[in-house]
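For ligands, and for the atoms within them, numbers begin at 1 and follow the listed sequence.
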Amino acid sequence: MNIGIVTAGGDSPGLNAAIRGIGKAAIRSHGMSVIGSRDGFRGLMQNRHVRLDSEDLSGILTAGGTILGTSRDKPNRMEVGGRELDMTDIMLDTYEQHHLDALVALGGGGTQKNALHLAKAGMRVVTLPKTIDNDVAGTDVSFGFDTAMNIATEAIDRLHSTAHSHHRIIVVEVMGHKAGWLALGAGIAGGADVILIPEIPYDTEAVAESILARQASGSRFSIVAVSEGAMSIESAAEMGRLKEIRKQSESDAERDAANEDLDELNTERSGATHLLSRQLEERTRLESRVTILGHVQRGGIPSPGDRLLATRLGTATAHLVAEGKHTIMVASRGEQAVAVPLEEVAGHRRTVPLDHPWINAARSLGVSLGD
Ligand code: F6P
């Protein structure tokens, strides 16, 4: 059998461990040939491939990023020569030209959707869940998350001492897209005093009050861990209103106008963490500083937990492909790797349930979640 591997979407620690796991198990246990597409779906479209033999898969377990390169290209809306084109058929030709029996796509929510699209076009596709955001549906956890949570937690640990020395508020922005897993996990593990996540719109006044209450009880500093997708109650209401207008729009013009308003709101929101810091300073009369962790959370060597998860899911993928399974995502459920139909994954986002044990633990500690 021949299999192709593609890494797509934002990179994430553990991708190379997964490529190694899939490739080694495919070659050793099933005598398969393995190739990798360069730079995400664009490489599949441009037929830029690399052969992955056993020696190519050695020494990559601990490497960050992806040896294949990645991109956020979508098969059906790929920018080519300044235009957005549907390149699905060209990709299908490449798939057939290499006599692939399966394409294994490693990615987050967007990649799961793109993979389903390719499956519907006729490819035998298997996916793995990879993202620091941990928001892929159908799996307990995605690889990349554990490493990013370690990095964000270490940053919060370090911010504690400087916040303490200067009696300041430090607002630390954590990635996570539209899910709060990373901010919540790192916030709890790092002992943040306030944790703001997209699932719970925050009341700036309530956040300020919780900081003042800490001050009154003798704690003269506060760490506020804010997820990049967290929204104030006001922004969340405006976002909901604009989305409803878009949903109800009856003409292209109305839809375009709603999209423009949404874009404007998103641009405004890109400064939300700095705005929150200024508002907290005004309301509490305490000095506040902002730290945006950004892409540092996606870089560097994967944690042992991510290496193990990626290896577990990667090797299971090779066995499932050998059994002829496709149009599935190989998910982690407890200690098991299970095949979940791609239709149950694509287009769904796994956000933090409001009754999740992490939320309950944070509340029990007296951490403000901004509500
Ligand atoms: O999905 C992973 C992620 O790091 C998100 O947390 C973040 O919103 C986004 O990717 C950043 O994307 P890019 O690397 O394209 O700027």
Asker: Cut-off 3.5 Å, side chains only: do Ser222 and Arg214 have a donor facing an acceptor?
Answerer: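 Present: a donor and an acceptor within the cut-off.
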Asker: Mark the output for Gly108 as yes if a heavy-atom distance to ligand 1 is under 4.0 Å, and as no if none is.
Answerer: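 In this structure, Gly108 fails to qualify as a contact of ligand 1 - no heavy atom is under 4.0 Å.
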Asker: So, is Met175 polar-close to ligand 1, with some N/O to N/O distance under 3.5 Å?
Answerer: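 No, Met175 has no N/O under 3.5 Å of an N/O on ligand 1.
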Asker: Once you restrict to heavy atoms under 4.0 Å, what part of His295 touches ligand 1? Side chain, backbone, both or neither.
Answerer: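 The answer is the side chain of His295.
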Asker: I'd like the name of whichever of Asp133, Val174, Asp135 reaches closest to atom 6 (O) of ligand 1 through any heavy atom.
Answerer: Asp133
Asker: Rounded to the nearest 0.5 Å, how far does OH of Tyr202 lie from CD of Glu234?
Answerer: 8.5 Å
Asker: Could you list which atoms of ligand 1 come closer than 4.0 Å to a heavy atom of Glu228?
Answerer: 5 (C), 6 (O), 7 (C), 8 (O)
Asker: Show me which atoms of ligand 1 lie under 4.0 Å from any heavy atom of Arg298.
Answerer: 2 (C), 3 (C), 4 (O), 9 (C), 10 (O), 11 (C), 12 (O), 13 (P), 14 (O)
Asker: Taking non-hydrogen atoms only, is Leu182 closer than 4.0 angstrom to ligand 1 via side chain, backbone, both or neither?
Answerer: neither
Asker: I'd like to know if Asp101 pairs up with Arg124 as an ion pair, taking the criterion as any Lys NZ or Arg NE/NH1/NH2 lying under 4.0 Å from an Asp or Glu carboxylate oxygen.
Answerer: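 Looking at Arg124 together with Asp101, the answer is no, because their closest N to O distance does not fall below 4.0 Å.
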Asker: Between Arg278 and Glu282, is the closest basic N to carboxylate O distance under 4.0 Å?
Answerer: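 Not counted as a salt bridge, because no side-chain N and carboxylate O are separated by less than 4.0 Å.
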Asker: Any salt bridge between Glu244 and Arg241, counting N to O under 4.0 Å?
Answerer: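 Salt bridge between Glu244 and Arg241, a charged N being under 4.0 Å from a carboxylate O: no.
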Asker: Is the closest side-chain donor-acceptor distance between Ser332 and Arg312 under 3.5 Å?
Answerer: yes
Asker: Under 4.0 Å from any heavy atom of Ile132, which atoms of ligand 1 are there?
Answerer: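 Result: 4 (O).
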Asker: Enumerate the atoms of ligand 1 whose separation from the nearest heavy atom of Arg72 is less than 4.0 angstrom.
Answerer: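 Selected atoms, number and element: 9 (C), 10 (O), 11 (C), 12 (O), 13 (P), 14 (O), 15 (O).
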Asker: Looking just at side-chain N and O atoms, do Ser29 and His319 make a donor-acceptor pair shorter than 3.5 Å?
Answerer: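 There is no such pair (donor and acceptor under 3.5 Å, judged by atom type) between the side chains of Ser29 and His319.
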